[in-house]
Amino acid sequence: MAAKFTTTDWIWHNGEFIPWQDATIHVMSHVVHYGSSVFEGIRCYNTPDGPAIFRLPEHLRRLRDSAKVYRMEYPYSEEALTAALEELIIRNNLDECYIRPVVFRGYGTVGVNPSGSPVETYLVCWPWGTYLGEGALERGVDVCVSSWARPAPNTLPAMAKAGGNYLSSQLIKMEAVANGYDEGIALAPTGIVSEGSGQNLFLVRDGVLITPPLEGTLLQGITRDSVITIARDLGFEVRQHAIPREALYMADELFFTGTAAEVTPIRSVDRIVVGSGKAGEITLALQARLLDVAQGRVEDRYGWLTPVRSRNEVSVG
Ligand SMILES: Cc1ncc(COP(=O)(O)O)c(C=O)c1O
């Protein structure tokens, strides 16, 4: 069956490059039944100096942290994974792509206890454009507050980017789409704003940026961190504190952040128009600066880019 995205030639599995179509698993793999995977979503941008991976060390660190929570160990250092990724991007002939490292419990034992199932490590990359649809970055998206809350702290660990957490995300996303919205914003069990199905959230009011704190219901987004850094550098005040639902409707601007979503303006919540109903000025300034850094149009003063070595520096066999 044809995939509904652009496939590439090679995938990296446990130290080997294998053809895309050979990267299959057994139906009795632990991950299929119990959601036992951890993963990352990373972007590689085309810069004037060639492809560069955005905030790779931070993503690889989060992958390791997520695996640690679930007592999963994989025997590849950050250096080895970086080298493998570079070669993968080159082999697949990509200048720009989305990168998906995934570590999971494979085929071994039946039953919840995962300790007898081998840990498998894969690196995949493929071309992927705007996550929330054509024009989303310019015009903004229409969202709802989900009827599904995020899992409570100390239930499913939200700071670990684990496959199982995305059952919550799927409920939020499917409900939003079924009701004609682009995306959903979930509340924490306390009723306080948490995050989108795959994005963090920022609100702007009177020129101040506010984002929910890391209270155990949301992912510690790397784009969230990048936007906080950039916003402060541009002279904006950024606060991390609880956001009551009604503050969403009162915001001057609202936007999502995420590797896939980048900085996506939100133009309405529950059909209530946010600010002027267009992408906000501050939102667009932050989006432009983030993409300027990621795409190498301004100096990488934060050291966020890992350049992919040029083709002739790597022997591809
Ligand atoms: C649930 C969730 N929240 C937030 C984010 C944003 O995180 P990042 O900016 O690191 O991509 C993501 C995307 O990975 C996500 O899946």
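Given the structure is predicted, the values throughout are model-derived calculations rather than measurements. In each ligand, atom 1 is the first atom listed, and ligand 1 is the first ligand listed.
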Which pairs of nitrogen or oxygen atoms, taken one from ligand 1 and one from the protein, are under 3.5 angstrom apart?
residue, atom, partner, partner atom, Å
ligand 1, 3 (N), E195, OE1, 2.7
ligand 1, 9 (O), I222, N, 3.3
ligand 1, 9 (O), T223, N, 2.8
ligand 1, 9 (O), T223, OG1, 2.6
ligand 1, 10 (O), R62, NH1, 2.8
ligand 1, 10 (O), R62, NH2, 3.0
ligand 1, 10 (O), I222, N, 2.7
ligand 1, 11 (O), T259, N, 2.9
ligand 1, 11 (O), T259, OG1, 2.6
ligand 1, 14 (O), K161, NZ, 2.7
ligand 1, 16 (O), K161, NZ, 3.3
ligand 1, 16 (O), Y166, OH, 2.4

Would you verify whether the NZ or CZ of R105 falls within 45 degrees of the ring axis of Y70 while also being under 6.0 Å from that six-membered ring's centre?
no

Only pairs under 3.5 Å count here: list side-chain donor-acceptor contacts from residues 193-204, not counting sequence neighbours, and write none if there are none.
residue, atom, partner, partner atom, Å
S194, OG, T217, O, 3.2
S194, OG, T217, OG1, 2.8
E195, OE1, N200, ND2, 3.4
E195, OE1, L219, N, 3.2
E195, OE2, R150, NE, 3.2
E195, OE2, R150, NH2, 3.2
S197, OG, E183, OE1, 2.8
S197, OG, E183, OE2, 3.1
Q199, OE1, S197, N, 3.4
Q199, NE2, E183, OE2, 2.9
N200, OD1, G221, N, 3.3
N200, ND2, L219, O, 3.0

State plainly whether the residues D142 and R267 are in salt-bridge range, i.e. N to O under 4.0 Å.
yes

Result block: side-chain N/O donor-acceptor pairs under 3.5 angstrom for residues 156-167, not counting sequence neighbours:
residue, atom, partner, partner atom, Å
K161, NZ, Y166, OH, 2.8
N165, ND2, P157, O, 3.2
N165, ND2, A160, O, 2.9

Measure the acute angle between the ring planes of W10 and F17, then classify it against the limits of 30° and 60° as parallel, tilted or perpendicular.
perpendicular

Across all chains, not counting sequence neighbours, the salt bridge (Lys or Arg N to Asp or Glu O under 4.0 Å) partners of D225 are R55

